[in-house]
Amino acid sequence: MVLISCKNCHKVYEKEDYSEFICTRCKHKVTKRVTNSFQTSFALLICAILLYIPAMLYPIMEITQFGVDIQSTILQGVISFLEMKSYFIAIVIFTASVVIPFIKLVGLLFIFISLKTDVKMENKTKILIYKFIEAIGKWSMIDIYVVAILSSTVQLDEIFNIKGGIAATSFGLMVILTMMAANRFDTRIIWDGK
């Protein structure tokens, strides 16, 4: 006899084996593992990595001031805040928009590669990296919130206007895909190898 729980309502069943069945409480399909979890998560991660490049290279915000268009990337915005001696804001934006997304992408990529290659690392460490990535995941959307708030509140046509650039869309999609990749990944796969 084996114990298996429904991922949806968490009801625990005692069964003969791990074959699929329908939960009697919520009618959700109960399986031992999430189907194609590794492949789906890895594909989402690759898409997120590809979106990270335009998110860093293209303008995240386009400001029109007295008919003159000014575009700035995330790093140009950080440099502008440093020049204005707003060090705290510069550090927050740099950390939330450059460092955290990079750590998430590299951390997930490391976990996925370590599952297919012979990396000498304990499974507990991989789980800790995964939990850290999940914990910091929501903080990388701060740039998108700033652009959305500014563009929705400051609209004075040609006098002063703010709107999101190409990088805002790429950045938002990259963060969403990274969160989906982490959420879709079944961490029990880490323990399958040993």
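Side chains included, hydrogens not; waters and symmetry mates left out as well; all remaining heavy atoms used.
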How many angstroms lie between atom [atom1] of [X] and atom [atom2] of [Y], to the nearest 0.5 angstrom?
X    : Y    : atom1 : atom2 : value
K124 : I190 : NZ    : CD1   : 13.5 Å
I111 : T125 : CD1   : OG1   : 10.5 Å
L57  : L75  : CG    : CG    : 9.0 Å
H28  : C6   : NE2   : SG    : 6.0 Å
N123 : L115 : CG    : CG    : 8.5 Å
D186 : F38  : CG    : CZ    : 12.5 Å

Any donor and acceptor pair, going by atom type alone, linking the side chain of [X] with main-chain N or O of [Y] inside 3.5 Å?
X   : Y   : answer
T40 : N36 : yes
Q76 : T73 : yes
S86 : I89 : no
Y13 : T24 : yes
S5  : H10 : no

Is [X] linked to [Y] within one hydrophobic cluster, defined over Ile, Leu, Val, Met, Phe, Trp and Tyr using a side-chain heavy-atom separation of less than 4.5 Å?
X   : Y   : value
L3  : F21 : no
I91 : M84 : no
I79 : I74 : no
I22 : V12 : no
V78 : I53 : no

| query | Among pairs that include at least one residue of residues 20-29, which meet salt bridge (charged side-chain N to carboxylate O under 4.0 Å, His left out), considering only residues two or more places apart or in two chains? | reply |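 Pairs touching residues 20-29 that pass the test: E20-K29.
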
Taking all atoms of both residues into account, what is the closest heavy-atom pair of [X] and [Y], and its distance?
X    : Y    : result
T95  : P101 : O-CD, 4.3 Å
S97  : F171 : O-CE1, 3.3 Å
R184 : S41  : C-OG, 3.5 Å
P54  : A167 : O-CB, 3.7 Å
S114 : K126 : OG-CE, 3.3 Å

| message | Under a plain distance cut-off of 3.5 Å, with no hydrogens placed, do T187 and K131 share a side-chain donor-acceptor pair? | response |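 T187 and K131 do not have a side-chain donor-acceptor pair below 3.5 Å.
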
| request: Taking the side chain as every heavy atom from C-beta outward, state whether K15 and M1 have any atom pair closer than 4.5 Å. | output: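 The answer is no; the side chains never approach within 4.5 Å.
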
| Under 4.5 Å between any side-chain heavy atoms of V2 and E14, yes or no? |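 No - every pair of side-chain heavy atoms lies 4.5 Å or more apart.
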
| task | Using side-chain contact (heavy atoms from CB on, under 4.5 Å) as the criterion, list what pairs up with L128, not counting sequence neighbours. | result |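 Residues passing side-chain contact (heavy atoms from CB on, under 4.5 Å) with L128: none at all.
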
| Can you name the one residue among L44, L45, V175 that meets side chain to side chain contact (heavy atoms under 4.5 Å, CB included) with M180? |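 One option only clears the test, and that one is L44.
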
| task | Would you mind telling me which of I133, I136, L105 makes a side chain to side chain contact (heavy atoms under 4.5 Å, CB included) with I100? | result |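 When side chain to side chain contact (heavy atoms under 4.5 Å, CB included) is applied between I100 and each of I133, I136, L105, only I136 qualifies.
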
| Trace of the ring-ring contact (aromatic ring centres under 6.0 Å, His included) decision for F185 with F112 | CA-CA 10 Å; F185 182 63; F112 293 160; 5.0 Å; yes

| request: Under the side-chain contact (heavy atoms from CB on, under 4.5 Å) rule, what do T31 and Y18 come out as? Steps first, then yes or no, please. | output: CA-CA 7 Å; T31 59; Y18 288 110; over 6 Å; no

| Can you check whether F94 and F81 have ring centres sitting under 6.0 Å from each other? |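 Ring centroids of F94 and F81 are no less than 6.0 Å from each other.
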
| request: Please say whether the positively charged group of K104, taken as NZ for Lys or CZ for Arg, lies over the ring of Y52, i.e. under 6.0 angstrom from the six-membered ring centre and within 45 degrees of the axis. | output: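 Checked: cation-pi criterion not met.
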
| Greater than 12 external heavy atoms within 6.0 Å of Y58's OH |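 Count not over threshold, so no.
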
| Would you find more than 12 non-hydrogen atoms of other residues, nucleotides or ligands less than 6.0 Å from F132 atom CZ? |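 It does not: F132 CZ has 12 such atoms or fewer within range.
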
